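Because the structure is a prediction, the values reported are computed rather than measured.
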Amino acid sequence: MSSAVLAELVERPAGIGIDSVMIVRNGYVVLDAVFYPFPADTKHILHSATKSVTGTLIGMAIDRVLLAGVDVPVVELLPAAAPAEVDELKAASTVEHFLTMTHGLDCRDSYKYRWRGYMEMMESDDWVAHVLALPMRHEPGTYFEYCNGASVVLSAIVSEATGMPAAEFAQDVLFGPL
């Protein structure tokens, strides 16, 4: 590892949007730094990191043959949360479409929509059912629409496929080993 690159990272964290960083190489911590104004024990909202972790868990479930693959329609994997009436477009939306945010749902839960859809989901009794009940806006696979609710649905798929809460599966197969 280049000490100069690590030193440069530590010298200008604010310019690259980093609050803290830990780099581990070959099992050894080579850099562990926290930058002003964040104390080391400050918890941060991770937002989009959830999407990476959930996608990783989907891959691990597939690797363990607990999930058939990414081509399976989401409503088939979560029939209890699916709407009573599923149109052709919704029936075609697969795990891959949710992973790539090309699900086709009219999901307006990002900053572009001032989090309106996100707040609606949080106020609902069943977040997964709420997301799956959203109307279709596009044919799956044809349009990217950032959707926090997609991660909620993927987490439910992990739970359904593994028979345990996604957080427990994550601890067992991902965070524990890390």
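A donor-acceptor contact shorter than 3.5 Å links the side chain of Ser93 to the backbone of His103. Distance alone, capped at 3.5 Å, places no donor-acceptor pair between the Thr54 side chain and the Lys51 backbone. Between the side chain of Thr56 and the backbone N or O of Ser52 there is at least one donor-acceptor pair closer than 3.5 Å.
Counting only heavy atoms from C-beta outward, the side chains of Thr142 and Thr102 never approach each other to under 4.5 Å. Side-chain contact between Leu154 and Val158: absent, with no pair of heavy atoms (C-beta onward) separated by less than 4.5 Å. Side-chain contact between Met101 and Glu145: absent, with no pair of heavy atoms (C-beta onward) separated by less than 4.5 Å.
Met22 belongs to a hydrophobic cluster with Val24, Val29, counting contacts under 4.5 Å between side-chain heavy atoms of Ile, Leu, Val, Met, Phe, Trp and Tyr, direct or through other members.
Using cut-offs of 30° and 60° for the angle between ring planes, the Phe144 and Tyr146 rings count as tilted.
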Could you walk me through whether Ile157 and Val153 pass the side chain to side chain contact (heavy atoms under 4.5 Å, CB included) test, one step at a time?
CA-CA 6 Å; Ile157 290 169; Val153 170; 4.1 Å; yes

As a quick check of understanding, evaluate side chain to side chain contact (heavy atoms under 4.5 Å, CB included) for Trp115 and Asn148, giving each step before the final call.
CA-CA 10 Å; Trp115 308 106; Asn148 290 287; 3.6 Å; yes

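Counting non-hydrogen atoms of other residues, nucleotides and ligands closer than 6.0 Å to CZ of Arg114 gives a total of 12 or fewer. Residue Met164 qualifies as enclosed at atom CE: its count of foreign heavy atoms under 6.0 Å is above 12.
To the nearest 0.5 Å, atoms CZ (Arg108) and CG (Asp106) are separated by 4.0 Å. A distance of 8.0 Å separates CD in Glu139 from NE2 in His97, rounded to the nearest 0.5 Å.
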Could you give the side-chain donor-acceptor pairs of residues 127-135 under 3.5 Å, partners two or more places apart or in another chain?
unit_1, atom_1, unit_2, atom_2, d
Trp127, NE1, Met121, O, 3.0
Trp127, NE1, Met122, O, 3.4

Just distance, no hydrogens or angles: give the donor-acceptor pairs under 3.5 Å from side chains in residues 165-178, sequence neighbours left out.
none

Check: residues 62-87 side-chain donor-acceptor pairs under 3.5 Å, at least two apart:
unit_1, atom_1, unit_2, atom_2, d
Arg64, NH1, Met60, O, 3.4
Asp87, OD1, Leu89, N, 3.2
Asp87, OD1, Lys90, N, 2.7

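The stretch residues 144-178 participates, sequence neighbours left out, in these disulfide (SG to SG under 2.5 Å) pairs: Cys107-Cys147.
When the side chains of ILVMFWY residues are joined at heavy-atom separations under 4.5 Å, either directly or via intervening members, Tyr113 and Leu105 end up in two distinct hydrophobic clusters. Residues Val152 and Tyr111 fall within the same hydrophobic cluster, defined by Ile, Leu, Val, Met, Phe, Trp and Tyr side chains chained together at heavy-atom separations under 4.5 Å.
Annotation for Asp109 and Tyr118: closest pair CB-N, 3.0 Å, computed over non-hydrogen atoms.
The ring-ring contact (aromatic ring centres under 6.0 Å, His included) test applied to Tyr143 returns His138, not counting sequence neighbours.
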